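Only one structure is covered here, and it is reproduced in the block below.
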Amino acid sequence: MLDVAPPTLHTRLRDWVMEVAALAQPEQIRWCEGSAEEFEELLELLVDAGTCEPLNPELRPQSYLVRSDPADVARLEDRTFICSQFEDDAGPTNNWREPDEMREALRTLFDGSMRGRTMYVIPFSMGPLGSPHARVGVEITDSAYVAVSMAIMTRVGRGALDALGTDGEFVPCVHSVGVPLVDGVKDTPWPCHPASVHIAHFPETREIWSYGSGYGGNAMLGKKSFALRIASVIARDEGWLAEHMLLLRLTSPEGVVKHIAAAFPSACGKTNLAMLVPTVPGWRVETIGDDIAWMQFGDDGRLYAINPEAGFFGVCPGTSELTNSNAMAAIRSHAIFTNCARTDAGDVWWEGMTAEVPDHLIDWRGKDWTPSSKTPAAHPNARFTVAARQDPAIASEWEDPAGVPIDAILFGGRRSTLEPLIREAFDWRHGVFLGATVASEMTAAAIGTVGRLRRDPFAMLPFCGYNMGDYFAYWLRIASERDVAKLPRIFYVNWFRKGDDGHSLWPGFGDNSRVLKWVFRRCEDAADALYTPIGWLPTTEALDTDGLDISADDLEELLRVDLHEWHDELGSLHEHFATFGHRLPAELAAQLEALAERLGA
Ligand code: SAT
Ligand code: MN
């Protein structure tokens with residue numbers, strides 16, 4: 001093994017790296033420094049290996065297309081494990097494995113798993129360097145694609161090592177694609193081992209081990225694995241919150257600023273909302289983050305949030321100049337595209353990108369494609385990876401080490417029926433109830449049945465590192481003795497309701513600014529609302545529909561609370577809460593009872 005001098009005096013880190021190397025037996029070890037030269041060198045390696053294909057520099061400068069193995073295209077929730085000492089601490093929403101048993105399995109899987117490969121050691125910071133809210137992780141991976149992705153998505157290198165010093169805390173993250181280059185095995189553009197995928201989290205010792213997949217959240221371990229699954233446990237122990245939320249800064253025509261956090265499941269429009277171009281004149285949205293928020297109460301009693309990430313791993317299909325012009329501008333150059341189609345001119349393309357569909361493409365599997373093809377040209381979970389600073393709407397405060405004060409929290413999902421466009425919770429506890437009952441039709445972000453409605457509490461179902469019942473209790477507790485006037489107001493939104501004939505009732509995208517405006521004015525106690533059994537709804541006059549092409553019937557349907565349908569929903573809510581058994585906080589059972597009462601059930 002090529003011996004390199006580690007760029008750190010942190011003994012525990014050095015020992016751990018050697019320990020993993022002894023197990024996985026890579027050909028060489030490379031410590032990543034996060035420099036531009038290193039980034040280019042790794043991309044060159046990836047081009048030589050056939051993993052990355054440079055796009056036409058005149059159309060998409062410094063950008064690359066990657067095609068994954070068709071069997072490795074999304075998060076694998078049923079191969080994701082929480083390995084707490086006690087099963088009850090993982091809870092009913094997680095796959096639990098006994099830690100020693102999992103360690104044994106991992107030892108076998110990782111034994112020699114990096115043979116013939118380079119082992120990259122990637123020190124990274126989640127959160128702005130120097131922020132008291134930032135945390136350090138170190139990912140070991142045998143994938144150069146993961147190394148360049150981490151360099152975009154996190155702050156890699158010297159700064160993270162300096163933050164660690166000689167004995168600082170870090171979250172160890174080990175990743176292998178699981179294809180050792182031995183016995184004449186030749187490398188492929190996208191090595192992976194789908195049959196043996198394990199994404200294992202040890203909440204007590206705060207470690208992550210991921211094997212067999214190179215895709216997104218399965219492999220970039222700073223993201224869902226650290227910043228949500230492990231961080232949610234650290235946050236609970238230390239008194240803060242790690243949430244699956246976008247962060248945006250909303251400025252009114254008077255120049256008043258409010259910050260909004262919003263939790264929606266994967267591929268439900270967090271990136272689009274965070275980069276929204278308002279259709280309401282005079283309003284402005286700027287991005288702080290598009291996926292993850294770490295939040296902490298300040299000494300002034302307000303809740304402050306940072307975006308722990310440094311880049312966006314956004315869904316391509318549906319992204320266009322019309323739906324998200326800021327994202328389109330962000331990915332004009334220096335972007336990595338995974339599982340998009342390629343045009344004959346050497347650019348990328350995906351469904352919904354342009355009104356006109358190209359006559360011929362190479363699809364995400366590398367095959368010829370024409371508009372008469374039966375399968376989509378881009379995979380539905382095709383993604384762009386790009387630095388946050390390339391977003392023209394990025395707020396200048398996005399790296400503020402203190403974070404931004406949160407005025408409102410939105411929960412939401414994708415639901416074609418029942419759920420109105422927006423409602424406001426009666427108070428924090430009712431807000432926690434709304435978060436706990438989020439339901440959403442499944443998307444292609446995870447392997448599963450697309451369209452199936454499932455409960456996804458706080459949009460954290462696949463990401464909460466401990467018992468979800470305890471998580472609900474923690475959300476109730478964290479605000480229990482606080483000044484109510486300083487707590488964020490809580491709302492529930494649904495952009496996806498459909499009419500009886502299946503047409504979308506709400507245009508969404510830029511017009512979601514109309515809903516944000518109502519939220520903003522509610523925070524100022526300056527917008528009318530109607531009391532309903534499920535929360536406060538905007539009166540039709542309070543929702544700004546100036547210049548919006550929507551029929552009065554559709555608007556009414558969007559804001560309709562059908563008591564019979566909600567009555568029917570109670571059964572599903574009871575069933576959902578029953579899964580948490582004795583770990584369900586009594587307060588949430590009481591909230592459900594109160595809802596039933598208000599519905600006259
Ligand atoms: O694959 S990721 O987890 O990074 C994307 C997502 O599902 O939100
Ligand atoms: Mn996400």
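Start at 1 and go down the list; that is how both ligands and their atoms are numbered. Keep in mind it's a predicted model, so treat the numbers as computed, not measured.
For the pair R423 and Y492, the cation sits on the ring face: its NZ or CZ lies under 6.0 Å from the ring centre, inside 45° of the axis. Cation-pi geometry between R383 and F337 is not satisfied (NZ or CZ under 6.0 Å from the ring centre, within 45° of the ring normal).
Under the 3.5 Å distance criterion, with hydrogens and angles disregarded, no donor-acceptor pair is assigned to the side chains of W350 and T319.
If you look at W96 and F81, their ring centroids are not closer than 6.0 Å. Taking the six-membered ring where the residue is Trp, the centroids of F509 and W495 are separated by 6.0 Å or more. Proximity of the aromatic rings of H198 and Y211 is defined here by a centroid distance below 6.0 angstrom, and this criterion is not met. Under the 6.0 Å cut-off for aromatic ring centres, W475 and F458 qualify, their centroids lying closer than that. Between W294 and H133, the distance separating the two ring centers is not shorter than 6.0 angstrom. Separation of the F472 and F580 ring centroids falls under the 6.0 Å cut-off.
In summary, of the residues considered (L76, T338, V146, D69), a side-chain contact (heavy atoms from CB on, under 4.5 Å) with Y215 occurs for T338 alone.
In terms of polar-atom proximity, defined here as any N/O pair under 3.5 Å, F313 makes no such contact with ligand 1. Geometrically, ligand 1 and D291 share no nitrogen or oxygen pair separated by less than 3.5 Å. Not one N or O of Y215 is nearer than 3.5 Å to an N or O of ligand 1, by distance alone. Annotation: H244 places no N or O atom under 3.5 Å from an N or O atom of ligand 1; distance criterion only.
Remark: minimum distance from atom 8 (O) of ligand 1 to any protein heavy atom is reached at S266 OG, 2.8 Å. At the top of the distance list for atom 2 (S) of ligand 1, counting protein heavy atoms only, stands G217 N, 3.4 Å. From the protein, the heavy atom lying nearest to atom 7 (O) of ligand 1 is R75 NE, 2.7 Å.
Residue K223 has at least one heavy-atom neighbour below 4.0 Å for each of these atoms of ligand 1: 4 (O).
Counting heavy atoms closer than 4.0 Å to ligand 1, residue R383 contributes side-chain atoms (C-beta onward) but none from N, CA, C or O.
By the criterion of a separation under 2.8 Å, the protein N/O/S atoms near the Mn ion (ligand 2) amount to K224 NZ, H244 NE2, D291 OD1.
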